[in-house]
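The basis for the numbers below is simple: all heavy atoms, side chains too, and nothing from hydrogens, waters or symmetry mates.
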Amino acid sequence: MLREPRHHLKGVVRYEIRTLPSRCAGWYQLKGEGARAVPLAGHVGFDSMPDQLVNKSVNHGFCFNILCVGETGLGKSTLMDTLFNTKFEGEPTQHNQPGVQLKSNTYELQESNVRLKLTVVNTVGFGDQINKEDSDHREKGWMMSCERHARQLSLTSVRPRPLYLLLLGHRGGGCATYRNPLVGAVHLSLHWRWYAFDASPLLPDPYKSIVEFIDTQFEAYLQEELKIKRTLHSYHDTRIHACLYFIAPTGHSLKSLDLVTMKKLDSKVNIIPIIAKSDAISKSELTKFKIKITSELVSNGVQIYQFPTDDETVAEINSTMNGHLPFAVVGSTEEVKIGNKMVKARQYPWGTVQVENENHCDFVKLREMLIRVNMEDLREQTHTRHYELYRRCKLEEMGFKDTDPDCKPFSLQETYEAKRNEFMGDLQKKEEEMRQMFVQRVKEKEAELKEAEKELHEKFDRLKKLHQDEKKKLEDKKKSLDDELNGFKQKKTAAELLQSQAQQAGGSTTLKRDKERKNFF
């Protein structure tokens with residue numbers, strides 16, 4: 001037998017026991033190019049390596065990060081509490097934000113002697129905001145108008161009373177399931193009109209914040225790897241290992257928001273689609289809904305996580321469970337007594353839905369696949385597939401390659417020097433361009449200032465000449481006025497002289513007459 005390592009991620013190794021054909025005991029066949037099989041004369045002891053790795057991993061602990069994506073009210077928090085059989089304390093979130101915000105909470109869990117650092121990331125506000133302008137049902141073709149008139153509920157012989165209803169809701173929102181109200185001995189005539197519309201998010205790309213969050217975690221891990229002094233053994237890995245995508249139980253089809261979001265996330269995270277609150281629709285509707293979801297995912301090229309079938313120990317169960325995707329789940333932390341035992345269930349007036357009853361929902365299947373069977377594979381897929389894709393694209397953007405044009409291996413030093421020389425050349429080129437641009441702008445500014453100065457001088461000369469002309473006109477006018485004033489004064493003097501002479505002549509004539517009068521008498 002040979003314990004062959006199958007997967008390696010952060011000190012955790014799976015081993016496969018293989019029986020090898022050999023004529024002598026202790027003959028181990030080793031894989032690898034250039035390896036040569038040699039016999040062992042006796043027990044050496046390196047077969048205890050799996051135990052050593054297990055002990056080391058247990059002492060170090062494990063981490064697992066889950067991203068919950070879905071609209072508000074689909075039971076994301078309740079399902080997390082039910083999956084890990086605990087109550088995660090968290091602050092209530094407000095759903096009146098203009099966009100999508102990701103809220104991360106980390107918890108320390110321990111089961112037996114195994115410690116798990118669990119991080120749950122919730123997408124607050126996803127699908128909450130609606131742009132009413134873009135949801136014009138007449139232009140989008142999503143208008144559904146149903147009119148029913150004079151439907152008689154012949155419960156009694158009482159005269160029918162009219163009841164008018166206007167039903168508004170999302171396409172596939174189940175408005176039609178509320179057509180028959182619970183009435184007593186009342187005879188109703190129902191008239192209703194149903195308008196259904198699809199909700200388009202207020203922001204054009206609601207998945208952007210989710211993609212940016214996932215890329216941020218990848219970038220943080222990459223920066224830790226590129227450090228000179230790395231501490232990966234104690235580094236808290238925040239990369240998302242599993243994305244539980246909660247689908248509303250409409251019973252019809254996926255929303256365009258769900259398809260677009262999953263398409264953007266399938267290359268960055270392991271997507272496990274689940275139908276939340278699956279007890280809201282009947283079994284037959286649920287079966288058709290699963291088929292419809294699978295068909296839409298395939299037709300739109302959405303790659304969801306497939307449980308691995310390369311490991312013989314879990315190949316059969318994983319292959320079977322791949323056929324049950326998406327899982328239809330129900331979450332509840334309330335315990336109800338059924339028979340002689342307490343079970344987690346949800347109670348309704350029409351009956352009880354048991355969470356861990358596989359005839360009622362797929363919660364047990366989800367827990368088995370997510371936690372008990374494939375948790376390590378999810379971690380490995382995140383590291384070897386999604387993170388490696390991000391790392392490769394990032395390094396290629398930085399100019400790093402594995403081979404040169406001649407298919408010869410590139411050394412890191414040569415790549416660094418080539419990139420540094422290219423950077424310095426670009427820097428010098430940009431510096432020269434900026435210097436020339438600065439000189440050109442200075443010249444342009446000087447020309448503008450000289451032109452402005454010339455215009456100011458011309459304006460000053462023009463104003464000066466105008467001032468001189470006005471001054472000359474005023475002086476001429478003043479001289480004319482002075483001449484007129486002198487003439488007036490001369491005329492005035494002459495008039496006064498004549499007046500005085502006239503007065504003197506008049507006075508002498510009066511005295512002469514008086515004297516003659518006296519002589520006469």
Side-chain angles (χ1 to χ4, degrees), residues 1-66 83-85 106-119 221 224-225 227 229-239 241-242 270 305-319 321 367-388 391:
M1 286 188 181
L2 169 67
R3 288 186 174 95
E4 179 182 343
R6 291 183 54 81
H7 308 290
H8 177 57
L9 178 60
K10 284 194 171 181
V12 179
V13 179
R14 287 185 182 178
Y15 282 81
E16 178 184 6
I17 308 300
R18 299 174 63 246
T19 303
L20 302 178
S22 175
R23 294 184 178 180
C24 61
W27 183 274
Y28 291 86
Q29 178 179 352
L30 300 177
K31 288 184 177 180
E33 184 179 356
R36 184 167 57 92
V38 295
L40 297 178
H43 180 262
V44 177
F46 57 80
D47 58 351
S48 64
M49 285 189 65
D51 298 331
Q52 298 175 31
L53 290 174
V54 168
N55 294 334
K56 184 178 180 180
S57 300
V58 169
N59 292 333
H60 184 267
F62 301 90
C63 70
F64 193 70
N65 307 318
I66 300 178
L83 272 175
F84 292 93
N85 198 21
T106 303
Y107 309 94
E108 293 282 351
L109 306 179
Q110 183 167 349
E111 187 176 29
S112 299
N113 63 334
V114 178
R115 291 178 293 107
L116 176 66
K117 183 177 287 187
L118 176 68
T119 299
Y221 193 87
E224 183 66 26
E225 276 191 337
K227 285 182 179 179
K229 185 178 180 181
R230 300 185 297 179
T231 57
L232 290 175
H233 62 282
S234 61
Y235 175 76
H236 179 206
D237 186 5
T238 58
R239 296 173 298 176
H241 299 124
N270 302 310
Y305 174 74
Q306 295 291 322
F307 304 118
T309 56
D310 55 344
D311 190 347
E312 296 178 358
T313 58
V314 295
E316 183 177 356
I317 185 173
N318 281 348
S319 178
M321 291 303 164
R367 184 180 61 188
E368 289 289 327
M369 294 295 98
L370 178 66
I371 301 176
R372 301 183 179 181
V373 178
N374 299 301
M375 179 179 281
E376 181 57 32
D377 185 75
L378 287 166
R379 287 158 44 95
E380 180 185 359
Q381 286 293 322
T382 300
H383 183 78
T384 59
R385 179 186 170 193
H386 301 297
Y387 171 70
E388 284 298 323
R391 176 179 173 274

Taking the side chain as C-beta and beyond, is there a heavy-atom pair between Val314 and Phe307 under 4.5 Å?
no
Yes or no on side-chain contact (heavy atoms from CB on, under 4.5 Å) for Leu378 and Phe64, after CA distance, side-chain angles and deciding distance?
CA-CA 9 Å; Leu378 287 166; Phe64 193 70; 3.8 Å; yes
Run the numbers on Thr119 and Thr238 for side-chain contact (heavy atoms from CB on, under 4.5 Å), then give the verdict.
CA-CA 8 Å; Thr119 299; Thr238 58; 5.7 Å; no
Are the side chain of Asn318 and the backbone N or O of Thr309 linked by a donor-acceptor pair below 3.5 Å?
no
Spell out, as yes or no, whether a donor-acceptor pair under 3.5 Å connects the side chain of Glu368 to the backbone of Leu370.
no
Under 3.5 Å donor-acceptor, Ser319 side chain and Ala315 backbone:
no
Pairwise distance CG(Asn65) to OG1(Thr382) - rounded to 0.5 angstrom:
8.5 Å
State the OH-CG distance between Tyr107 and Leu116, to the nearest 0.5 angstrom.
13.0 Å
How far does NE2 of His236 sit from CD of Glu224, to the nearest 0.5 angstrom?
13.0 Å
List the atom of Pro308, the atom of Asn374, and the distance in Å for their closest heavy-atom pair.
CD-OD1, 3.5 Å
Using a 4.5 Å cut-off on heavy atoms from C-beta on, say whether the side chain of Phe62 contacts that of Met375.
no
Looking at CD1 of Ile317 and CG of Asp311, how far apart are the two atoms once the value is rounded to the nearest 0.5 Å?
12.0 Å
Kindly assign one of parallel, tilted or perpendicular to the pair Tyr387 and His383, based on the angle between their ring planes and the thresholds 30° and 60°.
parallel
Nearest-0.5 Å distance, CE of residue Met321 to CD of residue Glu316
10.5 Å
When rounded to the nearest 0.5 angstrom, what is the spacing between CZ in Arg115 and SG in Cys63?
11.5 Å
Side-chain touch Glu225/Arg391, heavy atoms, less than 4.5 angstrom:
yes
Under the 3.5 angstrom rule, does the side chain of His60 hit a backbone N or O of His233 as a donor-acceptor pair?
yes
Which heavy atom in His241 sits nearest to a heavy atom in Asn270, and how many Å separate them?
O-ND2, 2.8 Å
So does Glu111 have more than 12 non-hydrogen atoms from other groups sitting under 6.0 Å from CD?
no
